[in-house]
Amino acid sequence: MYFNSKHSFPISIKKYGIKADYVAGFSLGEYSALVAADVLSFEDAVKIVALRGSLMQNSFKEGNHGMAAVIGLDLDEVKEIVERAQQEEFLSIANLNCPKQTVIAGHIRTLEVAKELVENKKENL
């Protein structure tokens, strides 16, 4: 389990009396950081992560939506692709992972159009 592996290091160092002065996390790592900082118990964090996963899974029950990471293009390029790919179906920027990695989410058909636009853009760089 991803959450469990991220959490094992803080548990390991606590056994030896080592406490971090600062903690940080990204996405699921945020919960590990909260546990490491003694803000949440491990049990509560597991419950929250399970609820988060369930809510995300059930947000689009039809099964015709998805996500994709666009790697190698900057945010402005991805914004342009999202605008061009949107037709009648939904597509949006969902997450900014780092300057050259942006997650987009929306209808499968629109994601397929965006994928083609990304590939064309990369070929012309």
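None of these values were measured; they are calculated from a predicted model.
- Listed by chain and residue number, nothing satisfies the side chain to side chain contact (heavy atoms under 4.5 Å, CB included) test with Asn124 (two or more places apart in sequence, or in another chain).
- Atom-to-atom distance recorded for Gln86:CD and Ile81:CD1 is 12.5 Å, nearest 0.5 angstrom.
- Every residue two or more places apart in sequence or in another chain that forms a side chain to side chain contact (heavy atoms under 4.5 Å, CB included) with Arg84 is listed here: Glu80, Leu117.
- The two residues Ala114 and Leu91 have their closest heavy-atom pair at CB-CD2, 3.9 Å.
- Within the 4.5 Å cutoff, side-chain heavy atoms of Asp76 are placed close to those of Lys79.
- In terms of the side chain to side chain contact (heavy atoms under 4.5 Å, CB included) criterion, residue partners of Ala33 (sequence neighbours excluded) are, by chain and number, Val23.
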Show every donor-acceptor pair shorter than 3.5 Å between a side-chain atom in residues 34-48 and any protein atom, with sequence neighbours excluded, or say none if there are none.
| residue | atom | partner | partner atom | Å |
| --- | --- | --- | --- | --- |
| Asp38 | OD1 | Lys14 | NZ | 2.7 |
| Ser41 | OG | Asp44 | N | 3.0 |
| Ser41 | OG | Asp44 | OD2 | 3.3 |

Distance-only donor-acceptor hits, side chain of residues 96-111, under 3.5 Å, sequence neighbours excluded:
| residue | atom | partner | partner atom | Å |
| --- | --- | --- | --- | --- |
| Asn97 | OD1 | Asn95 | ND2 | 2.6 |
| Asn97 | ND2 | Gln101 | OE1 | 3.1 |
| His107 | ND1 | Arg109 | N | 3.2 |
| His107 | NE2 | Asn64 | ND2 | 3.3 |
| Arg109 | NH2 | Glu89 | OE2 | 2.7 |

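- Checked against side chain to side chain contact (heavy atoms under 4.5 Å, CB included), Lys122 has the following partners two or more places apart in sequence or in another chain: Leu73, Val118.
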